[in-house]
Amino acid sequence: MGVMLPQDFSKLEIIGEGKTKIVRRMDNPELVLLEFKDAITALDGEKKDTITGKGHINARISGFLFEFLSKEGVPTHYVSFIEPKYMVVKRLKMLPVEVVCRNIAAGSFAKRYPVEAGSRLKHPVVEYYLKDDLRHDPMMNEDHMVVLGILSSIEEVNEIKRLTLTVNKALSKFLDDKGITLVDFKLEFGRDRNGRIYVGDEINGDSMRLWDKRTGRILDKDVYRQGKNLSEVLETYRECYRRIIGEEPRV
Ligand code: TMP
Ligand code: ASP
């Protein structure tokens with residue numbers, strides 16, 4: 001991309017767009033540019049707002065954590081972060097599945113099952129959800145994913161599960177050292193041209209539940225899901241940035 005400045009990125013062709021990110025074509029066909037929007041959504045997109053600066057914060061946190069995971073040996077799509085809200089990533093064909101990993105009972109797990117919300121699980125639980133807003137992302141098991149053709153074999157399912165647990169171990173330790181409990185998180189995976197599987201998408205306060213180890217304070221999107229006002233939501237994202245990056249956010 002050479003000397004292209006961020007203000008020129010808007011000229012790059014859009015090849016995909018979701019609720020919170022835009023995917024743009026780059027000269028190198030093996031790469032794409034992810035732009036993190038200031039949009040925030042919940043309830044499968046029914047609740048939607050704009051928080052100026054959120055795109056920057058989430059792009060930066062994602063870049064930071066992907067870089068960490070790559071150093072830990074996890075195959076990820078991450079190539080580089082570009083200020084203020086862009087990530088250059090490997091172009092992948094994304095699998096329509098959200099892989100959730102839980103250490104503590106919270107969210108839909110605490111609603112669905114007879115467990116005490118906030119209690120630590122005996123061991124991490126990995127769950128799979130079909131990415132399909134109209135069907136409200138139904139949960140799937142290993143067989144579903146193979147039968148629906150999302151993955152080619154149980155071996156591939158196991159590879160994704162193993163990668164998810166590796167990410168959980170590395171991220172839990174990293175965040176614990178910063179005084180944060182990794183309650184649960186969601187990963188998305190994709191394949192490159194050779195069929196190799198990588199962790200894609202994003203990792204930040206939209207895709208993780210993070211609690212302050214000492215006070216239990218929520219440091220993620222749950223404050224928005226709970227209906228807190230937008231200035232409180234922004235302050236939560238800023239605090240998440242401070243704690244993970246170790247710098248004062250500039251928004
Ligand atoms: P859940 O408890 O609502 O099932 O969420 C589990 C984790 O997955 C939590 O860290 C938030 C994340 N997540 C997403 O990133 N996207 C989603 O659409 C959902 C439902 C959850
Ligand atoms: N339903 C999801 C959530 O509450 C995500 C979304 O709709 O954007 O996190």
Side-chain angles (χ1 to χ4, degrees), residues 5-7 9 18-22 32-41 49-90 101 103-104 106 164 166-188 198-225 228 230-251:
L5 296 167
Q7 59 264 34
F9 291 165
K19 293 190 284 274
T20 59
K21 294 190 294 303
I22 298 173
V32 292
L33 184 77
L34 292 189
E35 174 179 341
F36 287 68
K37 302 196 256 186
D38 284 335
I40 182 164
T41 74
D49 288 282
T50 298
I51 297 178
T52 303
K54 186 229 177 203
H56 161 65
I57 288 174
N58 269 9
R60 178 83 170 93
I61 292 173
S62 263
F64 192 87
L65 294 179
F66 271 122
E67 201 161 320
F68 164 73
L69 289 174
S70 299
K71 281 181 192 145
E72 294 283 307
V74 176
T76 85
H77 68 157
Y78 177 78
V79 175
S80 65
F81 166 74
I82 301 177
E83 289 284 0
K85 53 176 178 176
Y86 305 95
M87 257 177 19
V88 178
V89 299
K90 274 195 187 70
C101 181
N103 297 305
I104 288 180
T164 301
T166 301
V167 168
N168 184 45
K169 209 174 224 173
L171 268 189
S172 292
K173 166 84 171 62
F174 178 85
L175 293 166
D176 187 77
D177 288 345
K178 297 180 184 291
I180 299 169
T181 301
L182 178 57
V183 174
D184 56 34
F185 63 96
K186 182 264 304 177
L187 296 179
E188 295 187 27
Y198 294 82
V199 180
D201 197 53
E202 62 182 336
I203 306 178
N204 51 44
D206 278 10
S207 65
M208 298 184 285
R209 282 199 176 88
L210 304 170
W211 294 350
D212 183 287
K213 227 160 75 175
R214 202 171 45 83
T215 66
R217 176 179 169 188
I218 293 168
L219 301 167
D220 61 75
K221 194 171 100 172
D222 264 353
V223 293
Y224 178 74
R225 296 189 187 98
K228 296 281 157 48
L230 295 183
S231 61
E232 199 172 325
V233 177
L234 173 60
E235 188 40 45
T236 300
Y237 280 94
R238 295 178 79 243
E239 181 63 14
C240 183
Y241 183 105
R242 264 185 217 110
R243 298 287 292 272
I244 292 176
I245 311 284
E247 290 165 15
E248 190 58 25
R250 53 186 184 68
V251 290

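Keep in mind that this is a model prediction, so the values were computed, not measured. We number each residue from 1, following the sequence as shown.
- Residues satisfying the salt bridge (charged side-chain N to carboxylate O under 4.0 Å, His left out) test with Glu72, not counting sequence neighbours, are none.
- The line from CD of Glu202 to CZ of Phe36 is 5.0 Å long, rounded to the nearest 0.5 Å.
- Listed by chain and number, the residues in a ring-ring contact (aromatic ring centres under 6.0 Å, His included) with Phe66 are His77 (sequence neighbours excluded).
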(request) Report the C-alpha distance between Arg242 and Glu248 in whole Å, list the side-chain angles of each, state the deciding distance to 0.1 Å, and finish with yes or no for salt bridge (Lys or Arg N to Asp or Glu O under 4.0 Å). (result) CA-CA 6 Å; Arg242 264 185 217 110; Glu248 190 58 25; 3.0 Å; yes

(request) I would like to know whether Met208 and Leu65 meet side chain to side chain contact (heavy atoms under 4.5 Å, CB included); could you show each step before the answer? (result) CA-CA 12 Å; Met208 298 184 285; Leu65 294 179; 3.7 Å; yes

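- Legend: residues meeting side chain to side chain contact (heavy atoms under 4.5 Å, CB included) with Asp184, ordered by chain and number and at least two apart, are Arg102, Ala106, Arg209.
- Between the OG1 atom of Thr236 and the CZ atom of Arg217 there is a distance of 5.5 Å, given to the nearest 0.5 Å.
- Shown here are the salt bridge (charged side-chain N to carboxylate O under 4.0 Å, His left out) partners of Arg243, two or more places apart in sequence or in another chain: Asp212, Glu239.
- In this structure, the side chains of Val251 and Tyr237 stay at 4.5 Å or more apart for every pair of heavy atoms.
- Tested against Leu171 for a side-chain contact (heavy atoms from CB on, under 4.5 Å), the candidates Ile180, Leu210, Ile203 yield a single pass: Ile203.
- The salt bridge (charged side-chain N to carboxylate O under 4.0 Å, His left out) test applied to Lys37 returns Glu17, not counting sequence neighbours.
- The shortest heavy-atom contact between Ile82 and Pro6 is CG2-CG, 4.3 Å.
- With sequence neighbours excluded, no residue forms a side-chain hydrogen bond (donor to acceptor under 3.5 Å, both in side chains) with Thr164.
- Sequence neighbours left out, not one pair with a member in residues 201-223 passes ring pair (Phe, Tyr, Trp, His ring centres under 6.0 Å).
- The nearest pair of heavy atoms linking His56 to Pro84 is ND1-O, 2.7 Å.
- Legend: residues meeting ring-ring contact (aromatic ring centres under 6.0 Å, His included) with Tyr224, ordered by chain and number and at least two apart, are absent.
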(message) Would Arg60 and Arg250 count as a side chain to side chain contact (heavy atoms under 4.5 Å, CB included) here? Give the steps.
(response) CA-CA 11 Å; Arg60 178 83 170 93; Arg250 53 186 184 68; over 6 Å; no

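- Looking at Lys221, its side chain does come within 3.5 Å of a backbone N or O of Thr41 through a donor-acceptor pair.
- Asn58 and Gly205 make their closest contact through OD1-N, 4.2 Å (heavy atoms, listed as atom of the first residue, atom of the second, distance).
- Closest of all the heavy-atom pairs between Met87 and Asp201 is CE-O, 3.9 Å.
- Residues passing the side chain to side chain contact (heavy atoms under 4.5 Å, CB included) test with Asp38 are Thr50, Thr52, Lys54, sequence neighbours excluded.
- Side-chain atoms of Val199 and Leu69, non-hydrogen and from C-beta on, never get closer than 4.5 Å to each other.
- Separation of atoms CD1 (Ile244) and CZ (Phe64) is listed at 8.5 Å; rounding is to 0.5 Å.
- Under the side-chain hydrogen bond (donor to acceptor under 3.5 Å, both in side chains) criterion, Thr166 pairs with no residue at all, not counting sequence neighbours.
- To the nearest 0.5 angstrom, Leu230 atom CG is 13.5 Å from Glu235 atom CD.
- Screening Ile218, Asp220, Val233 for a side-chain contact (heavy atoms from CB on, under 4.5 Å) with Arg225, the sole residue that qualifies is Asp220.
- Contact detail for Tyr86 and Phe81: the closest heavy-atom pair is O-CD1, 3.3 Å.
- Rounding to the nearest 0.5 Å places OG1 of Thr76 at 11.0 Å from CG of Leu187.
- Summarising the geometry of Ala39 relative to Thr20, their closest heavy-atom pair is O-CG2, 3.6 Å, with the distance given to 0.1 Å.
- A donor-acceptor pair shorter than 3.5 Å cannot be found between the side chains of Asn204 and Tyr241.
- Scored by the salt bridge (charged side-chain N to carboxylate O under 4.0 Å, His left out) test, Lys178 finds no partners at all (sequence neighbours excluded).
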(request) Run the numbers on Cys101 and Phe185 for side chain to side chain contact (heavy atoms under 4.5 Å, CB included), then give the verdict. (result) CA-CA 6 Å; Cys101 181; Phe185 63 96; 3.5 Å; yes

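- In this structure, the side chains of Lys90 and Tyr198 come closer than 4.5 Å at one or more pairs of heavy atoms.
- Applying the side-chain hydrogen bond (donor to acceptor under 3.5 Å, both in side chains) rule to Asp176 yields the partners Lys213; only residues at least two apart in sequence or on another chain are considered.
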